[in-house]
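Encoded as structure tokens, the structure appears first; notes follow it.
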Number of protein chains: 2
Amino acid sequence: MDARSVFAVRGLRCTRQRVVLYEALINMKTHPTAEELYDKVREHCPGLSLATVYNTLEVLCRAGLCRRLPTTRGSSRYDADTHPHLHAVNSETGDVVDIPDDLGQEVIQNLPQDVIKEIEARLDMSVDRISIQFIGREQARPLEKVTQEVSV
Amino acid sequence: MDARSVFAVRGLRCTRQRVVLYEALINMKTHPTAEELYDKVREHCPGLSLATVYNTLEVLCRAGLCRRLPTTRGSSRYDADTHPHLHAVNSETGDVVDIPDDLGQEVIQNLPQDVIKEIEARLDMSVDRISIQFIGREQARPLEKVTQEVSV
DNA sequence: ATTACTGCAAAGGCTTTGCACGGGT
DNA sequence: ACCCGTGCAAAGCCTTTGCAGTAAT
């Protein structure tokens with residue numbers, strides 16, 4: 001399904017800028033900031049404005065075609081892959097990449113559904129989404145020595 | 001252990017502002033933004049500056065006494081509870097509260113360690129921390145109808 | 001006495017907005 | 001032809017920083 005059709009389904013106008021931005025975002029393995037995406041796309045779309053990048057990302061998010069990722073500092077990052085998957089965050093650089101899907105699914109399937117229901121009941125909330133990030137650094141330490149802390 | 005001792009252990013100077021801010025942060029069940037904390041504490045500490053709130057939060061984070069929570073928009077939020085626990089995020093308001101500890105521990109203990117090791121191996125990273133948020137809204141829908149999506 | 005912290009105000013990132021023009025339907 | 005999207009520049013949040021005075025060790 002090409003960008004034009006995707007936009008049509010959501011009732012979005014199909015402009016050159018939107019197509020280029022959306023396709024670039026889908027094809028990037030990292031989840032770029034608005035500025036990184038801007039730099040990536042500039043060559044294919046001279047005259048493009050950073051404001052348009054922000055506006056477009058906002059439109060895509062509201063249409064459900066992309067997601068703004070939570071970060072602790074600096075610019076927001078964006079991900080046009082809306083299927084359930086997990087992220088690895090490099091705590092030194094802030095870079096975000098996907099967890100390979102087979103592994104991510106295993107983690108997801110091990111979540112205890114009964115506990116989640118109990119969380120909904122006790123907090124009187126409905127859980128729409130569970131967000132999971134693996135936070136760490138490049139270069140593995142010897143695996144035996146890894147101590148993990150689960151939090152936030 | 002009082003704030004003075006906690007600071008002493010980390011080699012932090014014990015100032016009136018730091019004590020008041022740290023104690024207020026520990027005692028808040030929500031995880032406030034710098035400005036929310038500022039408002040909360042102003043009465044107990046007239047003349048306090050918002051810049052000091054930011055500076056203090058930064059110092060506490062670097063000393064491992066508090067954590068800046070990732071948000072998708074607006075101000076950062078801070079949590080002085082550093083023991084491993086999970087958060088519920090209200091997607092409408094941005095408010096963040098803790099998941100009851102017994103439930104959080106169950107979720108944490110169900111994480112498949114072998115899969116995590118495999119993630120480290122394949123991404124050539126060391127996982128320091130796994131961050132999990134339950135994202136949803138107030139007011140439970142009937143539990144039978146809940147469909148969940150795991151992601152980000 | 002020394003050094004670090006605070007408050008203020010100004011500067012700095014990141015993002016949004018107002019408006020006139022041009023492109024999409 | 002109509003209306004929305006774009007580009008530009010300005011404004012706006014949120015956060016950090018420079019500096020002079022003050023407090024903590």
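A, B, ... follow the sequence lines: proteins, then strands. Residue 1 opens every chain.
- Among the nucleotides D/dT6, D/dT15, C/dT6, the one closest to any side-chain atom of B/Arg18 is C/dT6.
- Atom-to-atom, CD of A/Glu36 to P of C/dC14 comes out at 10 Å; the value is rounded to the nearest Å.
- Across all strands shown, B/Thr33 has no heavy atoms under 4.0 Å from either base or sugar-phosphate atoms.
- With distances taken from any side-chain atom of A/Thr15 to the nucleotides D/dT6, C/dT25, C/dC8, the minimum falls on D/dT6.
- The main-chain N or O of A/Leu69 is never found under 3.5 Å from a side-chain atom of A/Arg77 such that the two would form a donor-acceptor pair.
- The distance from atom CZ of A/Arg13 to atom P of D/dG5 is 6 Å, rounded to the nearest whole Å.
- The phosphate of C/dT15 has OP1 or OP2 within less than 4.0 Å of a side-chain N or O from A/Ser76.
- The side chain of B/Ser49 has C/dG7 as its nearest neighbour among C/dT17, C/dG7, C/dT15.
- No close placement of the B/Tyr38 and B/Tyr54 rings is indicated, their centers lying 6.0 Å or farther apart.
- The separation between B/Leu12 atom CG and C/dA4 atom P is 13 Å, rounded to whole Å.
- Of the candidate nucleotides D/dC14, D/dG5, C/dA9, C/dA9 has the atom lying nearest to any side-chain atom of B/Ala51.
- The interatomic distance linking A/Leu60 (CG) with C/dT15 (P) rounds to 15 Å, in whole Å.
- One cannot find a donor-acceptor pair under 3.5 Å joining the base of C/dT15 and the side-chain atoms of B/Arg73.
- When each of B/Arg77 and A/Gly47 is assigned the nucleotide of DNA chain D bearing its nearest heavy atom, the one mapping closer to the 5' terminus is A/Gly47.
- In this entry the distance linking CG of B/Leu57 with P of D/dT15 reads 10 Å, nearest Å.
- Atom CG of B/Asn55 and atom C1' of C/dC5 are 9 Å apart (whole Å).
- The phosphate of D/dG7 (OP1 or OP2) has a side-chain N or O of A/Gln17 nearer than 4.0 angstrom.
- Distances shown here put every side-chain N or O of B/Thr52 at or beyond 4.0 Å from the OP1 or OP2 atom of C/dC5.
- Of the candidates C/dT16, D/dG7, D/dT15, the closest approach to any side-chain atom of A/Tyr54 belongs to C/dT16.
- Atom CZ of A/Arg16 is separated from atom C1' of D/dC4 by 19 Å (rounded to the nearest Å).
- Taking the charged nitrogens against the carboxylate oxygens, B/Arg137 and A/Asp128 do have a contact shorter than 4.0 Å, which makes a salt bridge.
- Residue whose closest nucleotide on DNA chain D sits further toward the 5' end, between B/Tyr78 and B/Arg4: B/Tyr78.
- The backbone N or O of A/Asp81 lies less than 3.5 Å from no partner atom in the side chain of A/Arg67, so there is not a single donor-acceptor pair.
- Judged purely by atom type and a 3.5 angstrom limit, A/Glu106 has no side-chain atom pairing as donor or acceptor with the backbone of A/Leu103.
- Rounded to an integer number of Å, the gap from CZ of B/Arg42 to C1' of C/dC8 is 14 Å.
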